[in-house]
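Have a look at the structure below before the remarks.
Chain A is the first sequence line, chain B the second, and so forth, proteins listed ahead of strands; every chain is numbered from 1.
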Number of protein chains: 2
Amino acid sequence: MAGPGRPRAFDTDAALDAAVEVFWRRGFAGASLTELSSAMGINKPSVYGAFGDKAQLFQSALHRYVERNMGYVTDALEQPTARECAQAFLTGNARAVTMPGRPAGCLSVQAVATPDDSGEYAVLARNRATVQQLFADRFRRAIAVGDLPADEDPDELATFLITLSSGFAIRAADGTPRESLLASAHRAMSAFPSTAT
Amino acid sequence: MAGPGRPRAFDTDAALDAAVEVFWRRGFAGASLTELSSAMGINKPSVYGAFGDKAQLFQSALHRYVERNMGYVTDALEQPTARECAQAFLTGNARAVTMPGRPAGCLSVQAVATPDDSGEYAVLARNRATVQQLFADRFRRAIAVGDLPADEDPDELATFLITLSSGFAIRAADGTPRESLLASAHRAMSAFPSTAT
DNA sequence: ATATTTTTATACCGCTCGTTAAGAAAACGA
DNA sequence: TCGTTTTCTTAACGAGCGGTATAAAAATAT
């Protein structure tokens with residue numbers, strides 16, 4: 001298994017988890033290589049050797065973040081009805097952005113605030129657009145099988161949910177408690193269409 | 001009116017407007033003094049002479065931004081009914097964050113993404129909390145005069161609106177068109193209580 | 001005119017940033 | 001044991017940052 005050369009003295013998975021935490025808490029630009037490497041428990045050249053430059057490390061961290069902290073998205077998509085899907089997404093998001101012991105908010109929403117010259121904003125925007133597309137497709141299928149009224153617009157429903165979840169991330173970072181976000185999720189569901197008769 | 005000394009060769013109001021635009025587009029950290037002073041049409045020492053350091057300039061810019069680009073808040077608060085108030089706020093916000101010729105999004109939401117060591121995040125968070133409080137008080141009065149059902153929670157209603165507007169800012173920066181945001185605003189209004197009988 | 005005050009323009013400061021060069025250290029294959 | 005390969009540590013690089021020292025320029029006051 002091991003080829004020639006000195007073996008790594010650190011666990012790359014644990015180091016990446018540490019990088020996720022720093023990017024989550026500080027954002028892309030706010031996370032310095034010094035803080036990153038320190039949190040990862042390794043020196044800067046080791047970061048470059050194992051993960052590439054800062055932009056590549058960020059993309060790896062985002063991928064890891066999606067796997068570990070956005071599982072509620074796929075959970076929601078698998079719900080039997082569109083309403084349960086929307087409900088699961090909103091409550092799952094509200095819970096994810098207010099996890100005790102983790103940074104408040106959502107890495108995918110807050111790590112890059114404004115469109116920058118580099119490509120990091122585009123990476124996050126694409127990630128968000130992908131999630132929205134998944135829900136739009138889910139609602140399209142729901143309309144096709146009569147689970148949602150035919151006069152509903154699946155893209156508009158998906159955009160409504162993503163807008164709310166983006167707001168949840170901002171509010172969570174502001175210190176809004178989980179219960180408040182869940183109350184907003186509950187209220188928003190009263191604006192979500194019921195199963196077509 | 002004019003005392004001794006060489007007079008200013010620039011219009012401080014126009015310079016501050018230019019600074020607002022840069023902070024709006026780039027965020028606080030992303031706006032360098034070089035870009036700021038260049039957009040303001042003056043040299044860096046003139047910025048310090050007229051506006052203080054970067055943090056003070058940012059606070060002045062935020063104040064100007066609220067005056068010039070968040071008038072829809074006070075407009076909404078003056079609406080005769082709570083529903084019209086909420087409606088005016090959501091549509092006014094959706095329009096403000098998608099103004100042609102201006103940066104997409106909201107300076108108060110996006111200029112500082114994550115809680116930083118300096119105080120700029122706190123400045124914006126306080127600004128957002130103030131707006132929320134204004135709406136909570138507005139809805140409290142609405143309940144008192146029977147304009148809203150007595151079993152509604154004014155703070156919960158205000159948080160619902162602020163959450164949506166925060167989401168609008170994020171989505172607008174992502175390129176979501178104004179019509180989509182207005183559609184979400186319309187949908188959200190179907191979750192807002194009607195006047196008590 | 002001359003002294004005083006304020007703004008102007010240029011150049012520079014110390015610091016932190018992301019990134020890397022250089023060599024010692026630790027594994028392998030022969 | 002000896003090269004080879006990879007990772008390790010240390011130290012430094014150039015660039016850009018926020019902020020400022022300096023002195024010329026332009027106004028007023030006497």
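- Residues satisfying the side chain to side chain donor-acceptor pair (under 3.5 Å) criterion with A/Tyr72, sequence neighbours excluded, are A/Asn93.
- Residues that satisfy the salt bridge (Lys or Arg N to Asp or Glu O under 4.0 Å) test with B/Arg25, not counting sequence neighbours, are B/Glu21, B/Glu35.
- Listed nucleotides D/dT20, C/dT10, C/dG18 differ in distance to B/Asn43; the shortest reach to its side chain belongs to C/dT10.
- Both A/Ile42 and B/Leu33 lie near DNA chain D, and the one whose nearest nucleotide falls closer to the 5' end is A/Ile42.
- Applying the salt bridge (Lys or Arg N to Asp or Glu O under 4.0 Å) test to pairs two or more places apart or on separate chains, none has a residue in residues 86-100 of chain B.
- Sorted by first and then second residue, the side chain to side chain donor-acceptor pair (under 3.5 Å) pairs involving residues 8-20 of chain B (not counting sequence neighbours) are B/Asp13-B/Arg64, B/Asp17-B/Arg64, B/Asp17-B/Arg68.
- The rotation axes computed at either terminus of the helix from C/dA1-D/dT30 to C/dA30-D/dT1 lie 10° apart, taking five pairs at each end and rounding to 10 degrees.
- Scanning residues 58-65 of chain A for heavy-atom distances under 4.0 Å to DNA chain D yields an empty list.
- Every residue meeting the side chain to side chain donor-acceptor pair (under 3.5 Å) condition with B/Thr81, not counting sequence neighbours, appears here in chain and number order: B/Glu84.
- In this structure, B/Phe89 and B/Phe135 have tilted ring planes: the angle between them lies in the 30° to 60° band.
- With sequence neighbours excluded, the residues that form a salt bridge (Lys or Arg N to Asp or Glu O under 4.0 Å) with B/Arg140 are B/Asp137, B/Asp155.
- Not a single donor-acceptor contact under 3.5 angstrom links the side-chain atoms of A/Lys44 to the base of C/dT20.
- For A/Asp151, there are no salt bridge (Lys or Arg N to Asp or Glu O under 4.0 Å) partners, not counting sequence neighbours.
- Pairs passing the side chain to side chain donor-acceptor pair (under 3.5 Å) check and including a residue from residues 178-188 of chain A, sequence neighbours excluded, read A/Thr98-A/Arg178, A/Arg187-B/Glu152, A/Arg187-B/Glu156.
- Contacts between residues 8-30 of chain B and DNA chain C, defined by a heavy-atom separation under 4.0 Å, are made by B/Arg8, B/Ala9, B/Phe10.
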Mark up nucleotides 22-30 of chain D, 5' to 3', with B wherever a protein heavy atom is under 4.0 angstrom from a base atom, S wherever such an atom reaches only the sugar-phosphate, and - elsewhere.
---BBBS--
